Amino acid sequence: MKILSKNKDIGMSLLHRNDQELRRLEELNELRQHGINPYPPVFEKTHSSVNVLNGFDDNKPEEFAQVSLAGRIMAIRKMGKATFCHIQDDAGRIQVYLKKDDLPEFYEILGNLDIGDIIGVKGHVFRTKTGEVSVYAKEAILLCKSLRVLPIAKEETDENGNKIVYDAFADKELRYRRRYIDLIVNHEVKSVFAKRSKIISGMRRYFEDKGWLEVETPILQPLYGGATARPFTTHHNALDIELYLRIADELYLKRLIVGGYEGVYEFCKNFRNEGMDRSHNPEFTLMEIYIAYKDYMWMMGMVEELISGLCLAVNGTHEVEYDGHKLSFQAPFRRATMHGLIEEAIGENIFGYDRDQLLVVARKNNVEVENNASGMKIFDEIFSQKVEHTLIQPTFVMDYPVEMSPLAKAHRSEPGLVERFELYVAGTELANCFTELNDPIDQRARLEEQARVKAAGDDEAMVVDEDFLYAIEVGMPPTAGLGIGIDRLVMILTGQTSIRDVLFFPQMKPEKQHH
RNA sequence: GACCCCGUAGCUCAGUGGUAGAGCAUUUGACUUUUAAUCAAAGGGCCGAUGGUUCGAGACCAUCCGGGGUCACCA
């Protein structure tokens, strides 16, 4: 490893730098020796790359006689006393023309600039001989010297206008660990996150327009509840108590409905101490909303309107390509009962079957179940193995068995069921809703049953939250509650099949070794 | 947690037990409208880590680390 003797004072961290990075440090020193500040404080921009590219009219070049742009150098083509480079800003890329005659001082330091450095240019816009709208720089200034090498990909546009990328930065591990580089060099990544932002803001606007209240509830909770999942545990030193990172905010939002709000929602970061895969990250975002005096049927209509509207807003169409499927979010979505869908799949209505009967059905239909599985578990397996993967187009699955839903209200006409739906798309669950259970006697009985299940060894079962029960005893109006998995919604509306591609910084195992 | 695949230059990748390779990027030189710019030359490697087999290992074996995928659990 080469060590720059004159840079000895910069520190040990430099020992791991490669030749290109050491060269950049030398360039930085040279720039400073020439009296150039490689990190000036401000730059006044008048235009973005896309402003210029979209706005330039060959018949009215005077409209762009004075522009000022800044961006990161992504390509340089030096031809002696003239240089072309592409700079990239938030909006896109534009070519800049730098001529020695016009920029004698800047041209001196051009050799000390690299791909990755950020520059600002002032000048006029013109179209080159080869037809590209470009900025003719009359002034140029270095705004930031980059000390690391970007994994730069070359791009070419073929005669059909298709973009060909050569040797794109593709190593998924590096892309996730150094997302800032991914964002710089893989421009489609930015568009996914732009859509994510649009989905969330669109949802927020929809709720705001209805007059519902956005709230915040505790992330650190003395008891966790509202879902069946294992929590993360932490410790508060001053109080000397165990606290849990929330697995859901349901029980807090219902307390607010008890408190008199008639519509509350939260974009809720949840934490579940479970496995990770391409649809699960330990922390994820769930939007939960509770509306008083409404039921799950009403909520179905709202979900349809909301999601079809979001799809249109983000993609300009109700159709989306996902994992080889063409999905349509044109309302209305299909509605079917859970038992109806099972009957459709296996040709038998298993409503009211006991454990032994369900086991026979499972065996007959090649549904794998563990030997000690409960009746409910077998039922669940039949649904997930025979039905779930067939639910490609948006489908509301309605009316779940009461044992699977300890916080949902008993069905108004079907004993043994609750008023609940889940929205399935592309074989996975996107939203979950019930008419909320507000009968305090029933709610207590259901949570106590959960406590029994937990005592029997199911560590995902819910715990009894006495304060929540107290609130329900004070009295909660009839209420509909809904949760939408935001990460999954973003995945589907942006065509991404891995949750890691809709999170800026997905959870990764720590690296043991230095680079 | 189980199984399968992967880890070689800054990036993308070849490398069939016998001297460590290519393209881009970098450096030097030429070039005042180029665009994967071009032309000429050069530098750059703990081959993920540790052990083993072998006269000889980037390659074969074992273990570990990291990643991807499938499954299980879940949203």
Side-chain angles (χ1 to χ4, degrees), chain A residues 1-2 17-24 26-27 74-86 93 95-103 107 111 114-116 126-132 134 136 148-158 163-177 181 185 227-230 247-248 268 270-288 368 370 377 380-381 384 422-424 428-432 458-460 483-489 491 497-500 508-515:
Chain A
M1 181 63 61
K2 190 172 21 173
R17 296 190 187 229
N18 63 40
D19 58 332
Q20 292 189 44
E21 291 167 336
L22 291 170
R23 168 70 194 149
R24 284 173 181 231
E26 279 180 24
E27 289 171 343
M74 300 303 286
I76 305 183
R77 292 176 293 283
K78 201 171 171 185
M79 313 171 48
K81 299 184 179 64
T83 293
F84 288 90
C85 64
H86 274 93
R93 275 184 198 190
Q95 180 168 261
V96 174
Y97 179 56
L98 304 158
K99 200 159 91 167
K100 188 173 184 185
D101 297 345
D102 295 300
L103 300 160
Y107 220 86
D114 294 291
I115 289 172
F126 74 114
R127 189 180 290 277
T128 63
K129 246 181 2 194
T130 48
E132 180 161 349
S134 308
Y136 190 118
R148 297 289 190 177
V149 182
L150 287 179
I152 203 72
K154 290 224 168 184
E155 289 178 7
E156 180 181 37
T157 309
D158 68 13
K163 203 163 261 183
I164 305 166
V165 181
Y166 299 88
D167 299 337
F169 178 51
D171 184 308
K172 290 211 167 175
E173 177 176 4
L174 276 177
R175 288 184 50 211
Y176 298 141
R177 289 193 195 277
I181 293 176
V185 302
T228 53
R230 281 192 295 269
I247 59 172
C268 179
N270 290 323
F271 308 85
R272 297 191 185 173
N273 209 340
E274 285 162 355
M276 293 161 56
D277 60 28
R278 71 177 223 274
S279 59
H280 296 84
N281 195 64
E283 58 181 286
F284 67 102
T285 307
L286 202 61
M287 192 293 303
E288 288 199 40
E368 287 176 39
E370 286 176 28
K377 181 74 190 162
D380 198 21
E381 285 298 330
S384 45
E422 291 194 326
L423 175 61
Y424 277 84
T428 59
E429 187 190 335
L430 205 61
N432 182 20
D458 182 351
D459 56 2
E460 288 191 348
I484 296 178
I486 296 295
D487 310 294
R488 289 198 179 165
L489 179 64
M491 284 167 69
T497 53
S498 170
I499 196 169
R500 294 186 150 182
M508 304 285 280
K509 274 200 200 178
E511 287 174 292
K512 280 273 168 64
Q513 269 137 10
H514 302 103
H515 298 285

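We name chains A, B, ... by the order of the sequence lines, and we start the count at 1 in each one. Keep in mind it's a predicted model, so treat the numbers as computed, not measured.
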Enumerate all atom pairs, one protein N or O and one N or O from nucleotides 22-31 of chain B, separated by less than 3.5 Å.
unit_1, atom_1, unit_2, atom_2, d
B:G23, N2, A:Asp167, OD2, 2.8
B:C24, O3', A:Lys154, NZ, 3.3
B:A25, OP1, A:Lys154, NZ, 2.6
B:A25, N3, A:Gln20, NE2, 3.1
B:U26, O4', A:Gln20, OE1, 3.4
B:U27, OP1, A:Glu27, OE2, 3.4
B:C31, N3, A:Gly80, N, 3.1
B:C31, N4, A:Gly80, N, 3.3

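A:Asp171 comes within 4.0 angstrom of sugar-phosphate atoms only, judged by non-hydrogen atoms across all strands, and of no base. Nucleic acid contact for A:Glu21: none, since no nucleic acid atom lies under 4.0 Å from a heavy atom of the residue. A:Glu381 comes within contact range of the sugar-phosphate backbone alone, with a heavy-atom separation under 4.0 Å but no base atom that close. Contact annotation for A:Glu429: backbone-only contact, meaning every heavy-atom pair under 4.0 Å involves sugar-phosphate atoms and none involves a base. Counting any heavy atom pair closer than 4.0 Å across all strands shown, A:Ala170 reaches sugar-phosphate atoms only and no base atom. Base engagement by A:Asn281 is indicated by at least one non-hydrogen atom pair under 4.0 Å involving a base atom. Looking at heavy-atom distances under 4.0 Å, A:Phe126 makes contact with a base. Here A:Ala227 lies out of heavy-atom contact (under 4.0 Å) with every strand. Looking at heavy-atom distances under 4.0 Å, A:Tyr97 makes contact with a base.
Comparing B:A20 with B:G44, their P atoms sit 14 Å apart, to the nearest whole Å. Rounded to whole Å, the P atom of B:G67 lies 44 Å from the corresponding atom of B:G29. Using P as the reference atom, B:U63 and B:C4 are 11 Å apart when rounded to the nearest Å. B:G43 and B:C60: their C1' atoms are spaced 34 Å apart (whole Å). Spacing between B:C39 and B:C46 at atom C1', rounded to whole Å, works out to 36 Å. Annotation: B:A49 and B:G45 have their P atoms spaced 15 Å apart (nearest Å). Using C1' as the reference atom, B:A25 and B:A42 are 15 Å apart when rounded to the nearest Å.
With A:Asn18 contributing its side chain and A:Gln20 its backbone, the two residues share a donor-acceptor pair below 3.5 Å. Here the side chain of A:Asp487 pairs a donor or acceptor atom with the backbone of A:Thr285 at under 3.5 angstrom.
Here B:C55 sits opposite B:G18 as a Watson-Crick or G-U wobble pair (both hydrogen-bonding atom distances under 3.5 Å). Pairing partner, B:C3: B:G69, with both Watson-Crick or wobble hydrogen-bond distances short of 3.5 Å. Base pairing annotation: B:C64 forms a Watson-Crick or G-U wobble pair with B:G48, both donor-acceptor distances under 3.5 Å. In this structure B:G29 sits in a base pair with B:C39, meeting the Watson-Crick or G-U test at under 3.5 Å.
The nearest pair of heavy atoms linking A:Met491 to A:Arg278 is CE-O, 3.8 Å. For the pair A:Ala227 and A:Arg272, the tightest heavy-atom approach, listed with the atom from each and the gap, is CB-NH2, 3.4 Å.
We find that CZ of A:Phe169 is positioned 8 Å from C1' of B:C11, with the value rounded to whole Å. Atom CZ of A:Arg177 and atom P of B:G48 are 17 Å apart (whole Å).
The closest side-chain donor-acceptor pair between A:His86 and A:Glu155, if any, does not fall under 3.5 angstrom.
Contact check, A:Arg77 against B:A37: a side-chain N or O comes under 4.0 Å of OP1 or OP2. The shortest distance between the side-chain N/O atoms of A:Lys129 and the OP1/OP2 oxygens of B:U34 is below 4.0 Å. Applying the 4.0 Å criterion to OP1 and OP2 of B:G66, one finds that A:Lys509 has a side-chain N or O inside that range.
The side-chain heavy atoms of A:Leu174 and A:Ile181, taken from C-beta on, include no pair separated by under 4.5 Å. Side-chain contact check for A:Arg17 versus A:Arg24: every heavy-atom pair is 4.5 Å or farther apart. Residues A:Pro282 and A:Phe271 fail the side-chain proximity criterion, which asks for heavy atoms closer than 4.5 Å. In this structure, the side chains of A:Glu21 and A:Arg148 come closer than 4.5 Å at one or more pairs of heavy atoms.
A donor and an acceptor atom sit less than 3.5 Å apart, one in the side chain of A:Gln95 and one in the base of B:U34. Residue-to-nucleotide contacts include no donor-acceptor pair under 3.5 Å from the side chain of A:Asp277 to the base of B:C71.
Closest to the side chain of A:Arg278, out of B:G66, B:U33, B:U70, is B:U70. The side chain of A:Phe84 lies closest to B:U34 when the candidates are B:U34, B:G66, B:C73.
In this structure, A:Glu283 and A:Lys172 both approach RNA chain B, and ranking their closest nucleotides by distance from the 5' end singles out A:Lys172. For the pair A:Glu155 and A:Gly275, both in contact range of RNA chain B, the more 5′-proximal nearest nucleotide belongs to A:Glu155.
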